[in-house]
Every structure is written in C-alpha cells, then in structure tokens.
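What follows is one structure encoded as structure tokens, with my remarks underneath.
In what follows, every chain begins at residue 1, and chains take the letters A, B, ... in the order their sequences are listed.
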Protein chains: 2
Amino acid sequence: MPATIIDVARDCGYSKATVSRAFASPETVSERARERIYASAKKLNYAPNAIARAMVRRRTENIAFIIHEKQYPAILNPFYSPILEAVMQEGTRRGYSLFIAARQDMRLSNGDVYIKKQMDGVIFAGEADRRIIEEYRSQNIPVVLLNNHLELEGLPCVMADHFHGAVAATTHLYERGHRRIGLLAGRFSQQVTDARFNGYFSVLCQYGLPLERPFVVDLDPELDEAERVMTRLLQLPDHPTAFFCTNDTIAAGAVKAALRLGLRVPEDIAVVGFDDSSLSRVVEPELTTVRIDAERMGRLAANTLFDLIDGREAEELFMEVPTELVVRGTT
Amino acid sequence: MPATIIDVARDCGYSKATVSRAFASPETVSERARERIYASAKKLNYAPNAIARAMVRRRTENIAFIIHEKQYPAILNPFYSPILEAVMQEGTRRGYSLFIAARQDMRLSNGDVYIKKQMDGVIFAGEADRRIIEEYRSQNIPVVLLNNHLELEGLPCVMADHFHGAVAATTHLYERGHRRIGLLAGRFSQQVTDARFNGYFSVLCQYGLPLERPFVVDLDPELDEAERVMTRLLQLPDHPTAFFCTNDTIAAGAVKAALRLGLRVPEDIAVVGFDDSSLSRVVEPELTTVRIDAERMGRLAANTLFDLIDGREAEELFMEVPTELVVRGTT
DNA sequence: GTCGAAAATGAGAACGTTCTCATTTTCAGC
DNA sequence: GCTGAAAATGAGAACGTTCTCATTTTCGAC
C-alpha cells in the first residue's frame with residue numbers, strides 16, 4: 001500500500017537507483033533530479049523503508065538497552081533514568097534508535113529477540129548472564145556492560161567507582177565523630193554490592209572500628225523494607241549512631257524510620273545514601289549521598305558501543321567513573 | 001558472515017522453505033525434519049533474521065513509545081515509569097519490542113524515523129503534534145495518544161480523569177476546613193493542565209471560595225522551582241492555609257519550603273499533590289495525593305494499540321481511567 | 001496392494017532497498 | 001567542434017526471509 005521507491009521512480013522518470021541515491025546521498029545526484037524526485041516522493045507520500053535498507057546494508061541503526069536488576073523493577077529504578085537519557089541522546093545524535101527491555105522479557109523460544117532483530121549493538125545494565133553475552137558476541141553483535149564487570153576477552157565494562165564512594169561515605173561518618181556505623185546494604189548485582197561493602201569494611205578496618213553483625217543487614221532496596229528494617233534496628237539497645245545505606249531509597253527509608261521514632265537527623269542518627277538520585281533532595285533533611293555521574297556513565301557506555309560498532313577497538317576495557325561525596329543535611 | 005537459512009538448508013538437506021517453516025510454525029513440519037533442522041541450526045549458530053522476515057511479512061513486531069512533556073526531561077519523569085513498564089510488559093507478552101524516544105529526537109531530515117523504521121504502531125505520550133500524528137496515520141501506522149486528547153477521526157486517547165482528581169483534592173482540603181486554597185500548577189500538556197485547573201476552580205466556585213491570583217501560580221514542575229515559589233508565597237502576608245499542587249514533585253517542594261520556614265505540615269499548611277508517584281511516600285510527612293492508575297493507563301494504551309494493529313476497531317476512542325484521592329500525612 | 005485424503009516438502013517469486021559496474025551525459029579547455 | 005575526464009544515471013544482482021502453488025510422501029481404510 002505505501003509507495004515504494006519504484007513508484008517514485010516510475011512517477012518521476014528516473015531509475016530506482018537514482019531515487020535511492022537522492023535519499024541516501026543527495027550530493028551525488030543532480031539538482032534537477034533531486035527536485036523532481038522529491039516532488040514525486042511528496043506527491044506519492046513516499047517514505048524510505050528502513051527495513052529494506054537495513055536488510056541490504058546489514059545495519060539497522062538500532063541498539064538495545066537491557067536492564068536487569070535483581071528483584072527490582074527495571075525501568076522504575078530511578079538510578080537508570082539519567083543513564084538511559086544519556087544513552088538516548090548520544091544515540092540519537094548518531095542516528096541510532098533505542099530499544100529498551102528488562103531482562104526477563106527477552107528470551108523467546110529460540111535465540112534472543114535482539115539477536116534476531118539484528119541490533120547493531122547492545123548495552124547490558126546490571127546483572128548480566130555470561131552465556132547470553134557470549135551468544136550475542138558469537139553473532140558479532142558488540143556488547144558493553146554497564147554497572148557490572150565480567151572478565152571476557154574484549155568486553156568493555158563501564159562501572160562507577162563504588163568502592164571509593166563507599167570509602168568516602170564511611171570516612172565522612174567517621175570524621176563526623178561516629179564510631180559505630182551500621183550498614184544497610186541493598187541487594188544489587190554482585191559487583192556493586194561487593195564493592196560498596198568492601199569500601200565500607202575497609203574504612204572500619206582502617207580505624208579499627210568493629211563490624212557489628214546485627215547492624216549490618218542485607219535487604220531489598222525498597223522504601224518500606226528499609227523503613228521496617230531501620231525501625232527494628234533503632235529499637236535495639238545500643239544501636240549505632242550512623243548508617244551507611246547503599247542507595248538513596250534505602251537511606252530515605254532509614255531517615256523516615258528515625259524521624260518517626262522521634263530521633264533527630266542528623267543529631268541523633270546520621271545517614272548517608274548512595275547514587276544522588278532524584279529523591280535525595282526530596283527528603284527533608286536532604287540526603288548526604290555519594291554522587292555517581294550517571295550521565296557520564298551513559299555517555300561512556302554509548303560511545304564505547306559506537307566505537308565497537310564502527311569497528312574501532314574500545315580504548316579501554318575497564319572504565320570506572322569517579323564518585324563524589326555530596327554532603328547535605330543527614331550528616 | 002552469520003549463517004542464513006540457506007546454509008542451514010544446505011547442511012541438513014531440506015529446502016529453505018522447510019527450514020523457514022521449522023522456525024516460524026514448527027507444527028507444520030515433521031518431527032524428523034524439525035530435529036535435523038534444529039541440529040544444523042545449532043551447529044551453524046543460526047539465528048533467524050527478523051529484518052528479512054519483517055520485510056516480507058510487512059510487520060516488524062516493534063512499537064514505539066514517544067514521550068514529549070513540555071520543558072521536562074522525558075524519561076526522567078517518574079510519572080511515566082510505571083506506564084512504560086506496563087506497556088513493556090503488555091508488549092512483550094504479545095511478542096513486540098519497544099522503542100522509546102523523546103519527541104525532539106525523532107525528526108530527521110525527511111520523514112519520521114519511526115515511520116521509516118516501520119513501526120507496527122506508536123504511542124504518543126504527553127504533548128503531541130497533530131501534523132506528526134497525521135503523518136503516521138497517512139502511512140497506515142496506528143497511533144494511540146496517552147495523557148493527551150486530540151479530536152481526530154478514529155484516534156484513541158487514554159487519559160486519566162484529571163478533572164475529578166483535582167475536584168477530589170480540592171474538596172478534601174475544603175472538608176479539612178480550609179477556606180483559602182492556593183494552586184501550584186505545573187506546566188504540562190494543555191489538556192492536563194486545563195483539566196486539573198478546572199477541577200480546582202469548580203470546587204472554589206461550588207463553595208464560593210475566592211480565586212486569589214497571587215496564590216495561583218504556574219511553574220515548571222521541578223523541586224527547586226516549587227520550593228522557591230512556595231517560599232516566596234509563604235512569606236506573603238495572609239497566605240492560604242492549603243495548597244493544591246498539580247504533581248508530587250511540586251508538592252514535595254512545597255512541603256519542604258513550609259518545613260524550612262518552621263511551619264508545621266499539615267497543621268499550619270496543608271498540601272496535596274498529584275500522581276502518587278514514587279516520591280510521594282518518600283517525603284515526611286507522606287504526601288496526600290491523587291493516585292493515577294498509571295499501570296492501567298499503560299495497559300490500556302498498549303492493548304488499544306494492539307487492537308488497531310490487528311485491524312480491530314478500538315472499542316472506545318476516549319478512555320478515561322479514574323483517579324483516586326489518597327489521604328496521607330500532609331493534610 | 002490400492003486408493004485417496006492429508007501431511008510434508010520444494011521451487012521460486014516476491015518484499016524494497018543498496019551497490020557495483022557499465023553506460024551516458026555534461027562540460028572545461030583548446 | 002573535438003577530446004577526455006568527471007559527473008550523473010541505469011541495469012540488475014544481491015540481502016534473507018515468507019508464502020503460494022505445485023509435487024511428493026505418508027498412511028488409514030478397505
């Protein structure tokens with residue numbers, strides 16, 4: 001039903017090759033031809049068919065962003081919003097369109113959807129299965145990992161420096177005079193969870209502070225859960241005076257719990273979060289937190305992917321963007 | 001480089017037609033053939049090429065979700081997260097993949113990207129340009145509008161009942177005893193802005209309350225901006241005791257401003273928000289707000305789109321999902 | 001073992017582009 | 001007006017599937 005290049009060719013009297021050129025590389029076509037062709041195209045309401053084009057060029061100009069966070073609704077995760085935004089911008093700038101998916105969705109009967117759909121490249125965010133990645137790469141589809149690290153030949157990974165972020169956060173609490181510092185650790189991908197814990201733990205070691213088991217807890221990174229856990233902890237006798245939380249949602253829950261128990265933040269209880277997500281400034285007092293330059297991560301991942309797509313080697317395989325403590329009201 | 005259907009056919013001794021069938025409709029192929037074909041496919045690392053398929057079927061199984069909110073970063077908008085999530089789920093369930101884009105990105109040199117890329121259908125969220133929509137429809141691409149309403153032949157629109165939400169919010173403030181109620185109105189798409197204002201205004205009229213110009217303000221729906229505006233208003237002599245805010249971000253900013261000025265919420269100043277977005281429960285006290293069943297909106301939009309794609313008429317063109325006041329701590 | 005219907009397979013033309021290679025046209029320089 | 005190089009155009013084979021229409025095979029019933 002819609003007009004094809006042949007209809008246009010017939011209408012304007014040029015060959016389909018010339019019509020094709022008029023759209024794909026206008027400068028190779030005489031001005032006269034261009035005008036006539038565009039006129040016909042407009043008349044016939046012709047739009048080039050990118051599918052047919054992709055078929056012969058073997059390039060779809062599409063990339064996919066696949067998020068998989070353990071136990072966490074993918075898109076809802078505010079942490080990924082600015083990353084996604086950056087990837088989108090960077091992609092658009094170079095003519096790519098963006099598919100998004102949450103991991104569990106992708107696996108169909110045979111082979112991965114985005115393999116079949118011939119993505120030019122794929123970014124895996126969060127948890128990622130080694131086998132899937134290898135499947136993509138065996139089809140020559142470039143892959144970049146984001147917020148996760150896997151040792152695979154030539155596989156670029158974009159991470160934030162979670163370790164030093166955690167170090168900064170914990171040190172900050174120490175410097176504020178706290179000697180007993182609890183940890184509320186969300187369950188994220190192994191890499192992230194480990195790095196943040198290690199940062200925290202290394203500071204405890206450095207200053208000879210105790211790791212107090214009952215006040216170091218794993219939990220789902222959700223507001224209610226964090227509030228519940230924190231409420232319980234604060235009712236224990238002899239609880240810490242400060243808590244390092246491995247993301248802002250948890251920190252927000254913790255602050256809420258403290259306030260509700262009539263404790264003052266930061267005077268009685270200090271809290272530091274992680275991510276500097278949009279919610280960090282919504283709570284009152286505003287969260288002291290560790291900023292991750294998410295936009296930069298997104299850009300980096302995208303541009304690395306484009307390098308691979310264009311056949312350039314990634315300049316670096318392990319890219320770690322720095323994190324930065326931002327001190328606000330909760331400490 | 002990657003294996004094609006022909007390679008598989010050659011390897012297993014069947015024709016490409018049969019191999020094609022083995023993947024597209026396995027039940028039409030003998031068990032023997034299926035096994036041999038799958039074995040060859042596996043051996044050759046064959047993955048069906050959805051682009052070639054799309055070309056002949058004239059169906060890509062892709063849909064696009066295009067967000068355009070005035071002055072507001074698209075994906076960052078927490079309002080759209082659950083909607084997107086629902087659209088994604090619903091789409092995946094039926095074998096569609098999802099493109100996302102922010103409006104300003106889409107327009108390339110000639111024709112819209114997603115027309116060229118042969119979307120099976122498109123959802124426009126927020127502000128949407130009549131001309132663009134007509135362009136899509138002229139190419140027989142089904143379109144559904146979300147959170148916006150345009151009178152166009154056969155164009156389904158999914159809206160929330162912003163009007164009655166605003167009515168409920170304002171009435172609630174009235175019933176709490178407030179007689180002077182300000183309005184902090186974010187700049188969204190015209191439809192939404194108007195509907196929410198009208199709901200507010202109709203309640204004022206109903207109870208004979210004054211519309212006090214200085215306390216009815218338009219603003220960008222951002223935290224800082226809202227805090228700034230609210231701080232100013234609260235320093236005016238004789239300010240209202242309650243404010244209806246047209247989204248939660250604004251409400252959060254308003255609450256923050258009040259608290260910082262040493263006012264008690266809700267005793268001195270009551271605030272109600274809109275959307276019941278994720279942040280509404282993060283602030284303390286938690287926001288009284290108007291819940292929009294965003295998931296339902298997403299589902300509705302997606303399913304309507306699939307109906308159109310499958311050639312079924314939309315059952316209804318104007319779909320309004322109900323809103324519901326949820327009373328929490330700020331009133 | 002034969003018949004006939006049903007099931008399974010194959011041949012080959014689409015689908016709408018791009019791209020290579022050849023051919024034609026244009027045009028500057030004389 | 002001729003020459004030759006450069007610019008513009010055209011013919012037609014790909015690209016990897018699906019699908020229609022034969023043709024072949026299978027198999028139950030007699």
Side-chain angles (χ1 to χ4, degrees), chain A residues 1-38 40-41 44-62 110-111 113 115-120 139-140, chain B residues 1-38 40-41 44-62 110-111 113 115-120 139-140:
Chain A
M1 198 65 205
T4 77
I5 211 171
I6 301 201
D7 300 321
V8 176
R10 194 175 303 129
D11 185 80
C12 66
Y14 283 93
S15 71
K16 65 187 159 106
T18 304
V19 175
S20 170
R21 277 185 286 249
F23 287 104
S25 43
E27 71 283 2
T28 65
V29 147
S30 71
E31 192 174 344
R32 211 170 81 102
R34 227 179 303 147
E35 277 169 13
R36 294 223 248 153
I37 290 172
Y38 290 166
S40 289
L44 300 176
N45 196 20
Y46 166 74
N49 181 327
I51 297 297
R53 172 173 231 255
M55 172 125 179
V56 3
R57 309 270 317 271
R58 289 183 172 112
R59 273 257 200 158
T60 54
E61 326 247 65
N62 293 154
N110 53 296
V113 197
I115 291 183
K116 299 198 210 162
K117 292 200 174 170
Q118 310 283 114
M119 294 297 111
D120 288 345
Q139 300 284 346
N140 291 319
Chain B
M1 198 63 206
T4 76
I5 212 172
I6 300 202
D7 300 321
V8 176
R10 194 176 303 131
D11 185 80
C12 67
Y14 282 92
S15 72
K16 66 186 160 104
T18 303
V19 175
S20 170
R21 277 185 286 250
F23 286 104
S25 44
E27 71 284 1
T28 64
V29 146
S30 71
E31 193 174 344
R32 210 170 81 103
R34 226 179 303 147
E35 277 168 14
R36 294 223 248 152
I37 290 171
Y38 290 166
S40 289
L44 301 176
N45 196 20
Y46 167 74
N49 181 327
I51 296 296
R53 172 174 234 254
M55 172 126 179
V56 4
R57 309 269 319 270
R58 289 186 172 108
R59 272 259 202 157
T60 55
E61 326 246 65
N62 293 154
N110 52 294
V113 197
I115 291 183
K116 299 198 210 162
K117 292 201 174 169
Q118 310 284 116
M119 294 297 111
D120 288 346
Q139 301 283 348
N140 291 318

Check: Within the structure, does a side-chain N or O atom of A:Thr18 lie under 4.0 Å from either OP1 or OP2 of D:dG10?
Finding: yes
Next item on the list: Taking only the side-chain nitrogens and oxygens of B:Arg57, find out if one of them lies under 4.0 Å from OP1 or OP2 of D:dT18.
Entry: no
Margin query: Does B:Thr4 reach a base, just sugar-phosphate, or nothing at all? Heavy atoms under 4.0 Å.
Written below: sugar-phosphate
Notebook entry, point to check: What's the CD-P distance between A:Glu61 and C:dT18, to the nearest Å?
Noted result: 11 Å
Next item on the list: Determine: side-chain N/O of B:Ser15 to OP1/OP2 of C:dG10, distance under 4.0 Å, yes or no.
Entry: yes
Item checked: Where A:Ser15 and A:Ala9 come nearest, the two heavy atoms and their spacing -> C-CB, 3.9 Å
Next item on the list: Measure from CD1 on B:Ile37 to P on C:dG10 and round the result to the nearest Å.
Entry: 8 Å
Item checked: Spacing between A:Arg32 atom CZ and C:dC27 atom P, to the nearest angstrom -> 11 Å
Notebook entry, point to check: How many Å lie between OH on B:Tyr14 and P on D:dT18, as a whole number?
Noted result: 18 Å
Check: Counting side-chain heavy atoms from CB outward, which of C:dG16, D:dG10, D:dG16 is closest to A:Arg58?
Finding: D:dG16
Checklist line | Between C1' of C:dA14 and CE of B:Met55, the distance in whole Å | finding: 9 Å
Margin query: Below the 4.0 Å mark, does D:dA8 have OP1 or OP2 next to a side-chain nitrogen or oxygen of A:Arg21?
Written below: no
Margin query: With nearest nucleotide decided by heavy atoms, which residue, A:Ser30 or A:Lys16, maps closer to the 5′ end of DNA chain D?
Written below: A:Ser30
Notebook entry, point to check: Given atom CZ of A:Arg53 and atom C1' of D:dG16, what is their separation to the nearest angstrom?
Noted result: 18 Å
Check: To the nearest Å, how far apart are B:Ile5 CD1 and C:dA11 P?
Finding: 14 Å
Item checked: Length of the CD1-P vector between B:Ile6 and C:dG12, whole Å -> 13 Å
Note to self: Can you identify which nucleotide, out of D:dT17, D:dG12, C:dT18, has its nearest atom closest to the A:Ala17 side chain?
What the structure shows: D:dG12
Item checked: Heavy-atom closest pair, residues A:Tyr46 and A:Thr4 -> CE1-C, 3.5 Å
